[in-house]
Amino acid sequence: MSAPFAAGDFDLKATLHSGQVFHWRADGAGGYLGALGGRAVRLVQPESGLLAATAGAEEAARVYLGLDHEISKIHESFPRGREDAILREAMAYCPGLRILNQPSWECLATFITSSLKQVAHISQISHELRQRFGERLEIDGNAIYAYPLPQAIADAGEDALRACGLGYRARGLHRAALRLARGEVDLDALRELPDDELREALCGFYGVGEKIADCVSLFGFGRLQSFPVDVWIERLLRKHYGGQIGEKAPLPRVREFAQAHFGRYGGYAQQYLFHYARLEGV
DNA sequence: CTCCAGGTGCCGA
DNA sequence: TCGGCACATGGA
């Protein structure tokens, strides 16, 4: 392991369990095992404000975990109205929650498999796919599986994917893998696009709509203004911002409100609210 | 058994 | 543009 380095305003456990990523495993010694940039990595938070990683993976871990994000600046950008009391509660509930910088393919693929699924089951599917089709890595005698490359998912075929518990999502995952494996789309090239064009490109994948596109641009493309509206967030917004949104406003209107209201770092606001709503049922 | 899950695609009005 | 409905699967 590396020497512990500074990681202020950061909670490893909360971040890895926040529904952004689904494969990190507690190792029983206070650490987490997972795959990062094609290698097995262990992460551990020896005490508040510090983080240690497998030697040589410190920089990759720092980037992946969003430790570069300027939290105080992000918090200052949030709206401070009377109706935003819910946001302040949510912020206090999960200090140290970070938005991850995930590999784009892994993020896109995982969220294609997430539609209408509970977090626990998304995790189950992720592990199944990794173990069946991903590269086997090893750390401290533990097997860790990297997320399968597009070619591996493409070669597996839709039926084999379905057998991993994917249900109707198998088609979307397989089609996305085919497009990437054939070079029809280059996710790295999408990084250069402005937000609205990136969103449009992501929605071009079968099985990717507004919500998943927002998750992928937030967790996989570093677009921190992206504000995914899922069932939890929609309920919360209608309850606490109903006056501004309007009683019978359709979902697209709720999205527009949230995007405009929470601003430049809306993704962080969304993540605090999501975490709070999901764990506390607000 | 029934209900719901970090939704999307497709249909008809 | 919108409202409704089917879609696979598994946990509560």
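Letters go in sequence order (proteins before strands), and every chain restarts at 1.
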Original post:
Just wondering, more than 12 heavy atoms not from A:E200 lying within 6.0 Å of its CD?
Top reply: no
Original post:
With a cut-off of 6.0 Å (strictly less than), are more than 12 heavy atoms of other residues, nucleotides or ligands near CD of A:E138?
Top reply: yes
Original post:
After noting the C-alpha distance and the side-chain angles of A:E135 and A:R130, does the key distance pass the salt bridge (Lys or Arg N to Asp or Glu O under 4.0 Å) rule?
Top reply: CA-CA 8 Å; A:E135 185 187 356; A:R130 286 169 180 272; over 6 Å; no
Subject >> Test: A:R191 cationic atom under 6.0 Å from A:F221 six-membered ring centre, within 45° of axis >> reply: yes
Original post:
With distance as the sole criterion, is a donor-acceptor pair present between the side chains of A:S126 and A:T110 under 3.5 Å?
Top reply: no
**OP:** Examine the side chains of A:S115 and A:Y168 and answer whether a donor and an acceptor come within less than 3.5 Å of each other.
**Re:** yes
d([atom1], [X]; [atom2], [N]) in whole Å:
X	N	atom1	atom2	result
A:F22	C:dG10	CZ	P	18 Å
A:R235	B:dC3	CZ	C1'	12 Å
A:I233	B:dG7	CD1	C1'	15 Å
A:I125	B:dG7	CD1	P	12 Å
A:K211	B:dG7	NZ	C1'	8 Å
A:I122	C:dT9	CD1	P	16 Å

**OP:** Decide ring-ring contact (aromatic ring centres under 6.0 Å, His included) for A:Y272 and A:H75; before the verdict, give the C-alpha distance in whole Å, the side-chain angles of both, and the deciding distance to 0.1 Å.
**Re:** CA-CA 11 Å; A:Y272 293 139; A:H75 288 185; 5.6 Å; yes
Contacts under 3.5 Å, N or O only, protein and nucleotides 5-8 of chain C:
residue: C:dA8; atom: O4'; partner: A:Y168; partner atom: N; Å: 3.2
residue: C:dA8; atom: N1; partner: A:R169; partner atom: NH2; Å: 3.2
residue: C:dA8; atom: N3; partner: A:R169; partner atom: NH1; Å: 3.4
residue: C:dA8; atom: N3; partner: A:R169; partner atom: NH2; Å: 3.3

**OP:** Mind running a 4.0 Å heavy-atom check of residues 245-263 of chain A against DNA chain B and sending the residues that fall below it, in number order?
**Re:** none
Original post:
Hey, can you pull the residues of residues 271-280 of chain A with a non-hydrogen atom under 4.0 angstrom from DNA chain B?
Top reply: A:Q271, A:F274
**OP:** Could you list the residues that satisfy side chain to side chain donor-acceptor pair (under 3.5 Å) with A:Y93, not counting sequence neighbours?
**Re:** A:E280
Taking any heavy-atom pair under 4.0 Å as a contact, classify [X]: base, sugar-phosphate, or nothing.
X	result
A:T110	nothing
A:V208	sugar-phosphate
A:F219	base
A:G207	sugar-phosphate

Original post:
What interatomic distance, in whole Å, is found between P of C:dA8 and the corresponding atom of B:dC11?
Top reply: 15 Å
**OP:** Return the set of residues passing side chain to side chain contact (heavy atoms under 4.5 Å, CB included) with A:P250 (not counting sequence neighbours), or none when no residue passes.
**Re:** A:P252, A:R253
Subject >> Which nucleotides of DNA chain B pair, in dot-bracket form (Watson-Crick or G-U under 3.5 Å, | meaning another strand) >> reply: .||||.|||||||
Original post:
Between A:C203 and A:D230, which is nearer to the 5' end of DNA chain B once each is assigned its nearest nucleotide?
Top reply: A:D230
Subject >> Cationic N near anionic O, under 4.0 Å, A:K73 to A:E76 >> reply: no
Original post:
Would you call A:R223-A:D195 a salt bridge at under 4.0 Å N-O?
Top reply: yes
Original post:
Does the ring centre of A:Y268 sit less than 6.0 Å away from the ring centre of A:H69?
Top reply: yes
Original post:
Is there a path from A:I233 to A:L100 through hydrophobic residues (I, L, V, M, F, W, Y) whose side chains come within less than 4.5 Å of each other?
Top reply: no
**OP:** List the steps, then state whether salt bridge (Lys or Arg N to Asp or Glu O under 4.0 Å) holds for A:R62 with A:E58.
**Re:** CA-CA 6 Å; A:R62 234 172 37 75; A:E58 301 93 325; over 6 Å; no
Original post:
A:Q124 side chain: which of B:dG7, C:dG11, B:dA5 is closest?
Top reply: C:dG11
Original post:
Given B:dT8, is OP1 or OP2 found less than 4.0 Å from the side-chain N or O atoms of A:R175?
Top reply: no
